[in-house]
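Below you'll find the structure, written out as structure tokens, and then a few comments.
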Amino acid sequence: MLNKSYLKEVFQSSMLKDVMQPNIMFVQCHLLSGEVFILYCVTIISKNYSNIIETLNFKRATHYNGPYTVLQSVRQFQQPIQAQKAGLDGKQVGKETLPPPFTVSILSDGPRSQRSLSSLRSLSDCGNNMASSFSRILSSKRNVGILSLVGAGSLTVGLLLNREQHVSAGAPVRRVYPASAEYPDLRKHNNCMASHLTPAVYAKLCDKATPNGYTLDQAIQTGVDNPGHPFIKTVGMVAGDEESYEVFADIFDPVIVERHNGYDPRTMKHPTDLDASKIRSGQFDEKYVLSSRVRTGRSIRGLSLPPACTRAERREVERVVVNALGGLQGDLSGKYYSLTDMSEKDQQQLIDDHFLFDKPVSPLLTCAGMARDWPDARGIWHNNEKTFLVWINEEDHTRVISMEKGGNMKRVFERFCRGLQEVERLIQEKGWEFMWNENLGYILTCPSNLGTGLRAGVHINLPRLSKDARFAKILDNLRLQKRGTGGVDTAAVGSTFDISNLDRLGQSEVN
Amino acid sequence: MNTRLDATMPFGNTHNKLKMNYTAEQEYPDLSQHNNHMAKVLTPEMYANLRDKETPSGFTVDDVIQTGVDNPGHPFIMTVGCVAGDEETYEVFKELLDPVIEDRHGGYKPSDKHKTDLNAENLQGGDDLDPNYVLSSRVRTGRSIRGFCLPPHCSRGERRAIENLSIEGLSSLDGDLKGKYYALKNMTEEEQQQLIDDHFLFDKPVSPLLLASGMARDWPDGRGIWHNDNKTFLVWVNEEDHLRVISMQKGGNMREVFNRFCTGLTKIEGLFKEKGHEFMWNEHLGYVLTCPSNLGTGLRAGVHVKLPNVSKNEKFGEILKKLRLQKRGTGGVDTAAVGGVFDISNADRLGFSEVELVQMVVDGVNLLIEMEKRLEGGQSIDDLMPEQK
């Protein structure tokens with residue numbers, strides 16, 4: 001029975017004892033029936049948490065029918081908020097303008113509850129004790145106890161959201177037509193999505209939406225619009241936000257298993273290892289190896305991914321990343337070139353350096369909606385030495401590339417790891433973090449890039465080996481793939497190949 | 001009557017509620033490089049006013065303008081830059097669309113009323129355009145079925161429903177209008193080749209103007225072509241609009257073409273009404289279609305006509321403007337003329353009735369042919385210069 005005394009009991013749990021100064025408290029309660037209630041109060045919580053109880057208001061939110069996960073979102077808002085300050089005796093002593101808070105909302109423990117806990121460990125304290133309190137609490141075993149206290153339902157606790165109407169956890173979509181009338185015609189299709197999206201799965205998921213409002217139809221649109229090629233099996237779906245992988249797990253999981261050679265996110269864990277010192281013999285013979293390169297992508301937790309992001313979110317990604325990159329020092333210090341206000345000269349230089357990326361023309365990408373509003377909030381950052389490059393808001397929030405001429409892959413990887421870790425540290429200082437979880441590793445737009453999102457490769461001359469009949473088998477055994485030097489879908493020029501790793505998920509970066 | 005109207009369509013390329021977490025300023029698109037009707041009109045204040053609104057089916061201002069944001073336009077060609085997702089779009093986003101319509105349709109005001117006249121009897125002449133010059137005559141328009149979302153916004157289920165209704169309606173046509181439907185996704189190689197040879201087949205849109213609005217989603221599901229056995233009356237289903245209706249034939253008998261056009265349209269409208277559906281129409285905007293440029297009559301009546309001499313005359317552009325006509329190459333919009341053969345059609349859509357527009361074409365083409373004959377004979381055409389219509 002959801003009432004004040006019930007909640008008082010909940011609040012008296014150890015979870016909130018450490019809470020010092022969230023600004024507005026909002027509690028989201030998920031009942032097993034699927035109902036979601038949002039409660040909010042506008043009081044600063046002091047050690048006397050009875051204050052909270054007195055000013056709690058009940059407000060019903062919309063339904064969220066999805067499976068439960070632990071971490072729903074971490075979101076930082078930019079506007080300061082007005083909060084009412086309450087003294088220890090519960091009386092209001094005045095209003096105060098507080099700095100922009102961030103929210104952490106945690107849902108109940110479902111089958112994947114363990115997945116997101118580690119993400120909270122890296123939350124830094126940005127002048128607000130709440131973060132570190134939560135990370136302490138949740139990284140311990142106590143959260144399980146807290147959740148069980150709720151009994152008939154499960155508890156989510158979150159910090160301030162400055163506009164209550166936006167706390168709805170994914171408005172479901174009301175349909176006029178039954179799922180069978182909406183089911184796409186996939187008979188001529190050859191992509192991973194089409195292989196696994198049965199009418200039953202579609203019917204189950206078509207009414208769901210992520211908390212941001214992203215729907216299944218949006219996720220699969222690119223696969224419906226692009227039937228694929230008999231020889232090349234594309235993925236055929238994208239994620240609009242981190243929660244997509246959760247809410248639409250019934251289709252994403254089999255797609256991931258197929259695409260990543262049997263890696264099952266429901267049961268397996270992905271190791272992340274960015275310790276470059278572990279690389280052995282990473283120096284290649286420069287008579288053969290012309291250049292070395294490592295690339296990956298990273299997404300900023302709390303902001304939607306390119307297929308779904310609004311203009312303001314995209315601009316926010318740009319702002320957060322460019323700020324962080326501005327803090328890089330030494331051999332990593334560099335400069336940002338925004339696509340919207342690039343000078344002719346800069347543009348030509350970037351083209352000559354082979355750094356410039358264009359508006360995507362591939363229908364695989366444009367049908368997913370990631371080229372909207374081009375070139376707004378897109379840009380390229382690179383260090384002065386031109387060995388470390390970041391693309392912003394192209395196919396993912398960020399694509400990070402480390403490269404240099406010659407065969408010193410160890411150094412390229414070392415710079416790659418160092419740069420990535422620095423950037424991560426810099427965004428954490430401001431209260432942001434990368435999307436990552438234990439089962440899927442680093443979360444990116446396309447399921448094919450989950451895990452490490454890493455492609456490490458060299459441009460190498462192999463005139464004789466490439467003509468050997470066993471070349472393809474050798475590559476397969478080494479878990480490598482070949483491409484032409486123009487990138488994916490190009491042919492090799494002369495006998496120079498681009499040789500890179502085949503896998504993305506299931507193996508760490510070092511491996 | 002229509003309970004469909006209060007359901008939210010599942011597809012949208014923006015997250016309506018999510019955007020509201022950010023201020024209007026943060027979300028306002030960067031239109032500094034843009035040259036289209038939408039960009040001229042959409043101020044930050046207007047955007048702030050409109051962004052929390054949505055039509056009953058969930059279409060928002062961001063959906064309306066996406067194509068205009070993604071396609072900055074051309075310094076010489078002014079595109080519209082916005083589309084409608086349903087009939088209510090023109091109402092809910094009046095603040096944006098009224099000035100766009102006014103600008104695009106020669107000063108058509110929000111209070112103006114549009115006349116519809118599909119009585120082919122009212123056309124004067126038009127049956128004897130000189131076949132030595134006029135190679136073919138054609139009239140096309142579009143129609144939308146009330147209660148359904150338009151191509152940028154409709155779901156697969158909805159699009160299929162529109163297709164089914166259209167097939168049902170069209171299959172009841174008889175006489176010289178009797179014909180057959182060819183669904184794009186089930187077409188045989190043979191049928192496809194025949195339709196290409198007849199110049200009937202339409203392809204998946206490639207223009208970024210159309211793609212960015214979302215109307216090519218799920219291609220070719222729910223799309224098809226219907227034509228009568230005589231190959232003079234043709235309907236495109238679910239291309240850029242719900243229905244595009246085309247009447248055409250070789251030669252210069254525009255009257256007959258227009259006659260068939262009106263008869264066919266009226267019959268189709270009747271058949272839909274029998275099933276409880278009507279076309280989207282209102283007093284102010286006439287027939288409602290996806291692109292604001294096609295409102296009113298949605299009519300383009302035109303001929304392929306040989307004008308090698310007139311077209312070289314320095315006053316050609318001016319003459320066309322006075323006659324309220326426009327020229328295109330024979331490949332359609334954005335193509336060049338081949339061998340002095342031009343596609344000449346009415347420039348207006350809204351504010352004139354169908355009969356009036358076809359009359360303008362008939363009268364204008366007759367005048368152009370006279371001028372062509374004069375110039376062939378080396379004579380001047382100064383006395384033939386028209387007044388501004």
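Per chain, numbering begins at 1; letters A, B, ... match sequence-line order.
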Exercise for review: Please work out whether the ring planes of B:His277 and B:Phe148 are parallel, tilted or perpendicular, with thresholds of 30° and 60°.
Suggested key: tilted
Revision key, fill the gap. Counting heavy-atom pairs under 4.5 Å with chain A, the top scorer among B:Asp30, B:Asp218, B:Leu211 is B:Asp218
Is it the side chain or the backbone of [X] that comes within 4.5 Å of chain B heavy atoms, both, or neither?
X	answer
A:Asp376	side chain
A:Ala371	backbone
A:Arg187	side chain
A:Leu186	neither

Check your understanding: Of all of A:Val224, A:Asp225, A:Asp185, which one pairs up most often with chain B through heavy atoms under 4.5 Å apart?
Key -> A:Asp225
Practice item. State, without any angle test, whether B:Glu45 and B:Asn49 hold a side-chain donor-acceptor pair at a distance under 3.5 Å. Key: no
Review point. If you measure only the distance, is there a donor-acceptor pair under 3.5 Å linking the side chains of A:Tyr202 and A:Asp217?
Key: yes
Exercise for review: For the pair B:His153 (side chain) and B:Ser57 (backbone), establish whether a donor and an acceptor sit closer than 3.5 Å, ignoring hydrogens and angles.
Suggested key: yes
**Study point:** Side-chain donor/acceptor of B:Ser144 to backbone N/O of B:Val288, under 3.5 Å
**Key:** yes
**Study point:** Among B:Lys204, B:Arg156, B:Arg160, B:Arg159, the one residue meeting salt bridge (Lys or Arg N to Asp or Glu O under 4.0 Å) with B:Asp221
**Key:** B:Arg160
Check your understanding: Where on B:Ile65 is there a heavy atom nearer than 4.5 Å to chain A: the side chain, the backbone, both, or neither?
Key -> side chain
